Amino acid sequence: MRTLLLKSLFSRAVTVPAPRADMPVPAGEDAILTELGRALEMRARRLFGRSITIREIDAGSCNGCELEIHALNNAVYDVERFGIKFAASPRHADVLLVTGPVTKNMREALERTWNATPDPKWVVALGDCALDGGCFAGSYAVVGGVSAVVPVDLHIPGCPPAPMAILRGLLALFEARAKQGPA
Ligand code: SF4
């Protein structure tokens with residue numbers, strides 16, 4: 001116990017330093033974000049005649065992917081200004097954004113959420129684990145990737161994917177959907 005106390009007293013913090021409060025978002029990145037967000041908003045309005053609603057489902061993730069999804073709603077990304085909303089109920093959702101490998105405990109919840117989402121609906125598997133179980137593949141607690149349980153329309157790779165990659169993925173989904181004709 002004494003060793004542990006001494007170690008923690010003389011160890012440096014393992015976290016990275018917080019960004020300075022006066023540090024602005026890089027101008028280039030902000031412009032790309034605005035362009036991406038506007039493109040998504042325009043495409044969604046053409047497809048649905050309104051904004052889009054996403055229901056996020058954590059099917060067994062380590063929560064790294066969730067941190068990036070949460071960032072979409074922070075003061076930097078603030079995607080609601082582009083008409084992208086997150087809903088608590090699948091009954092209000094157009095897109096199911098599923099993270100993590102699907103664990104055996106979450107399999108039924110994922111199936112029931114998919115069944116409760118009205119058509120037309122799209123499933124986006126987010127992160128490397130959502131593809132095939134990722135680093136959790138083979139675990140006794142894991143069924144597999146998202147497509148092992150529900151049909152997947154798009155996979156966004158990364159561990160975890162950054163917010164901009166999530167927005168690019170959603171845009172690619174809507175572009176592909178637009179080519180198929182009106183919803
Ligand atoms: S892809 Fe990476 S961050 Fe996302 S759930 Fe898997 S291990 Fe966690």
Side-chain angles (χ1 to χ4, degrees), residues 12-19 23 25-26 29-30 32-33 36-37 39-40 44 52-80 82 84-90 92-117 121-177:
R12 294 175 54 140
V14 291
T15 50
V16 291
M23 202 158 67
V25 179
E29 192 168 323
D30 203 26
I32 294 168
L33 170 65
L36 253 175
L40 260 170
I52 56 157
T53 305
I54 298 171
R55 171 72 165 95
E56 197 266 332
I57 304 159
D58 175 353
S61 118
C62 74
N63 283 159
C65 286
E66 272 64 35
L67 291 175
E68 302 302 314
I69 294 171
H70 293 170
L72 289 172
N73 284 314
N74 70 17
V76 176
Y77 293 95
D78 186 23
V79 294
E80 198 158 329
F82 305 122
I84 302 167
K85 296 177 190 159
F86 284 79
S89 168
H92 301 154
D94 306 297
V95 175
L96 296 180
L97 190 58
V98 191
T99 64
V102 183
T103 60
K104 288 184 180 163
N105 284 347
M106 281 300 290
R107 178 185 195 138
E108 187 185 340
L110 177 57
E111 282 170 346
R112 289 173 69 172
T113 306
W114 189 83
N115 285 328
T117 309
K121 60 191 165 200
W122 294 280
V123 176
V124 177
L126 185 82
D128 291 349
C129 295
L131 178 65
D132 55 9
C135 54
F136 303 105
S139 160
Y140 68 91
V142 163
V143 178
V146 178
S147 63
V149 180
V150 294
V152 169
D153 299 283
L154 177 81
H155 173 241
I156 300 176
C159 181
M164 295 290 254
I166 301 173
L167 292 179
R168 284 196 184 94
L170 288 173
L171 185 59
L173 176 71
F174 293 155
E175 296 286 351
R177 180 63 190 78

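Just so you know, ligand 1 is whichever comes first in the structure, and atom 1 is the first atom listed for that ligand. Everything numeric here is computed off the predicted structure, so don't read it as measured data. Quick note: residue numbers are just sequence positions, from 1.
The shortest side-chain heavy-atom distance between Val142 and Val102 does not fall under the 4.5 Å cut-off. Side-chain contact between Pro160 and Leu67 is absent, with no heavy-atom pair separated by less than 4.5 Å. For the pair Leu110/Val98, a side-chain contact is recorded, criterion being any heavy-atom separation below 4.5 Å from C-beta on. A heavy-atom distance below 4.5 Å is found between the side chains of Leu97 and Ile69.
Distances shorter than 2.8 Å separate atom 4 (Fe) of ligand 1 from the protein N/O/S atoms Cys65 SG.
If you check the side chains of Asn63 and Asp58, you find a donor sitting under 3.5 Å from an acceptor.
With a 6.0 Å radius and a threshold of 12 heavy atoms from other residues, nucleotides or ligands, Lys85 has its NZ atom at or below the threshold.
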